Amino acid sequence: MNNWHAWAALAVFAAVYVLIVTEWVHRVAAALGGAALMLAIRATDDHAAFFSTDTGIDWNVIFLLLGMMTIVGVLRRTGVFEYLAIWSVKRARAKPFRVMAMLIVITASASALLDNVTTVLLVAPVTLLVCDRLALKAAPFLIAEVFASNIGGTATLVGDPPNIIIASRAGLAFNDFLIHLAPLAIVLTGVLLVICRVMFRRSFVFDEDRAAEVMALDEREAIHDPRLLAQGLAILALVVAGFVLHPVVHYAPSVVALLGAGLLVAVSKVEVKDALADVEWPTLAFFAGLFVMVGALIETGVIATVSEALADATGGKALAATMTLLGASAVLSAIVDNIPYVATMAPITADLVNTVGEPHGQVLWWALALGADLGGNATAIGASANVVVLGIAERNRQPISFWTFTRYGIPVTAATIAISALYLWLRYFTLV
């Protein structure tokens, strides 16, 4: 960081972050304004911002969101979300915490097979309907689902985009993540249930009249277009299969999602404008601005400087490197999106792995994955799923502020990172 562009880029990013945190301006305006400033001061350029796979807009994320939002928009017209809302409430006997627990487990499980963004896109509409039926505030339920999606996403290679980057760089397979991280993800999901029971205890207000009304409903009556539902579910199943089989078919998730969306619009009778009506365009614009800003930090060497300092601080000692990587990744992933962070940190981690050597080399990759995935829970912009859910909540006139999310996110992140540190220490340094 010996050039003025680096300091200017850092100042712009810090200023935009303050605007997002304080909500003095809308987060989309702040992100797009920050991206424009990064281009204006030449901290990045048009090629790096729009065409580079390392420092530009991650079009895979943008088009994955666009494709899945389109599919969800079509499915919404079948009544399937109302069906699922009524079904889940009846199975939980309309008890608010039971409903939350069910949604947390479903979200965490689905995020292990799908990416966490796709999962929250599917679960959030159901949650909003459940809360409306039971006269509950939706914010605690949506926030809990975001936490569950990020925790569940750590379990597998396809669960969170940073895991895909790590697997590619480290030569890890699907089963490696399943063996090393899935057991911890299960434990952390259980811990999340306990934490949510305490944090949101005031939100679990049982309304007997509302509960009785829901229990009397027949969920099958909610389905008003069975033909479209069959088409939508069949194509969604193909999309999910495409996600899971990514290591075999080698189609990027964004391509799979766009193919599925295009096929569904083509075979159904839904008008194109109606299919695109539920796309969260402000959320996509926010991501674009955020990617440009973070890309400028990469271009000017800010993130590399921070990452290298972390590497130097460990001194080549395996345990120190593991804990430093875990903690630092959690903190940094709460500030910048974890995808560009992991992309920048992966080569440095590879060097650390070579320095540490066997038998502890591989644990550094698990530390990076856990820190990046779980650290995303700390703030409203720490992970893609967080931003998507906040956009959905705002669109449905139940906005969740940055600080509302963060005051719950920090204790959840602290608890899950502490348990992860204990897990890594016990499994790889004590029991070997």
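What you see below is based on every heavy atom in this structure, not just the backbone, and it leaves out hydrogens, waters and symmetry mates. Note that this is a predicted model, so its numbers are computed, not measured.
- Between Trp365 and Asp176 the shortest side-chain heavy-atom distance does not fall below 4.5 Å.
- Counting heavy atoms from C-beta on, the side chains of Phe200 and Phe97 never come closer than 4.5 Å.
- Within the structure, salt bridge (charged side-chain N to carboxylate O under 4.0 Å, His left out) pairs that include any residue of residues 127-147 do not occur (at least two apart or interchain).
- Taking the six-membered ring where tryptophan is involved, the planes of Tyr428 and Tyr423 are perpendicular, since the angle between them exceeds 60° and thus also 30°.
- For CZ of Phe206, the number of neighbouring non-hydrogen atoms (other residues, nucleotides, ligands) closer than 6.0 Å is greater than 12.
- Using a 4.5 Å cut-off on side-chain heavy atoms (C-beta onward), Ile298 and Val302 make no contact.
- Seen from the ring of Phe204, Lys95 does not count as a face-on cation partner, given the 6.0 Å and 45° thresholds.
- Qualifying salt bridge (Lys or Arg N to Asp or Glu O under 4.0 Å) partners for Arg407, counting only residues two or more places apart in sequence or in other chains: none.
- You'll find the side chain of Met293 stays beyond 4.5 Å of the side chain of Tyr17, heavy atoms only.
- Distance CH2/Trp403 to OG1/Thr379: 9.5 Å, rounded to 0.5 Å.
- Using a 4.5 Å heavy-atom threshold, the side chains of Ser88 and Val130 count as touching.
- Looking at Phe429 and Val363, their side chains come closer than 4.5 Å, going by heavy atoms from C-beta outward.
- Using a distance-only test at 3.5 Å, with no hydrogens or angles considered, a donor-acceptor pair links the side chain of Ser109 to the main chain of Val105.
- Sparse packing is recorded around CZ of Arg42, with 12 or fewer heavy atoms of other residues, nucleotides or ligands lying under 6.0 Å away.
- Residues Val388 and Leu121 are in side-chain contact: their nearest non-hydrogen atoms beyond the backbone lie under 4.5 Å apart.
- The backbone N or O of Ala385 lies less than 3.5 Å from no partner atom in the side chain of Asn150, so there is not a single donor-acceptor pair.
- His47 and Phe51 have tilted rings, their planes meeting at an angle from 30° to 60° on a 0 to 90° scale.
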Output side-chain donor-acceptor pairs under 3.5 Å for residues 151-162, partner residues at least two apart or in another chain, one line each.
from	atom 1	to	atom 2	distance (Å)
Thr154	OG1	Ile151	O	2.6
Thr156	OG1	Ala112	O	2.4
Thr156	OG1	Gly159	N	3.2
Asp160	OD1	Asn116	ND2	2.9

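- Rounded to the nearest 0.5 angstrom, Ser149 OG and Asn386 CG are separated by 7.0 Å.
- In this structure a side-chain-to-backbone donor-acceptor pair under 3.5 Å is missing from Ser111 to Ala108.
- For the pair Val117 and Met68, the minimum side-chain heavy-atom distance is 4.5 Å or more.
- Taking the six-membered ring where the residue is Trp, the centroids of Phe177 and Trp366 are separated by under 6.0 Å.
- Arg27 and Glu394 are joined by a salt bridge, as a carboxylate oxygen and a charged side-chain nitrogen come within less than 4.0 angstrom of each other.
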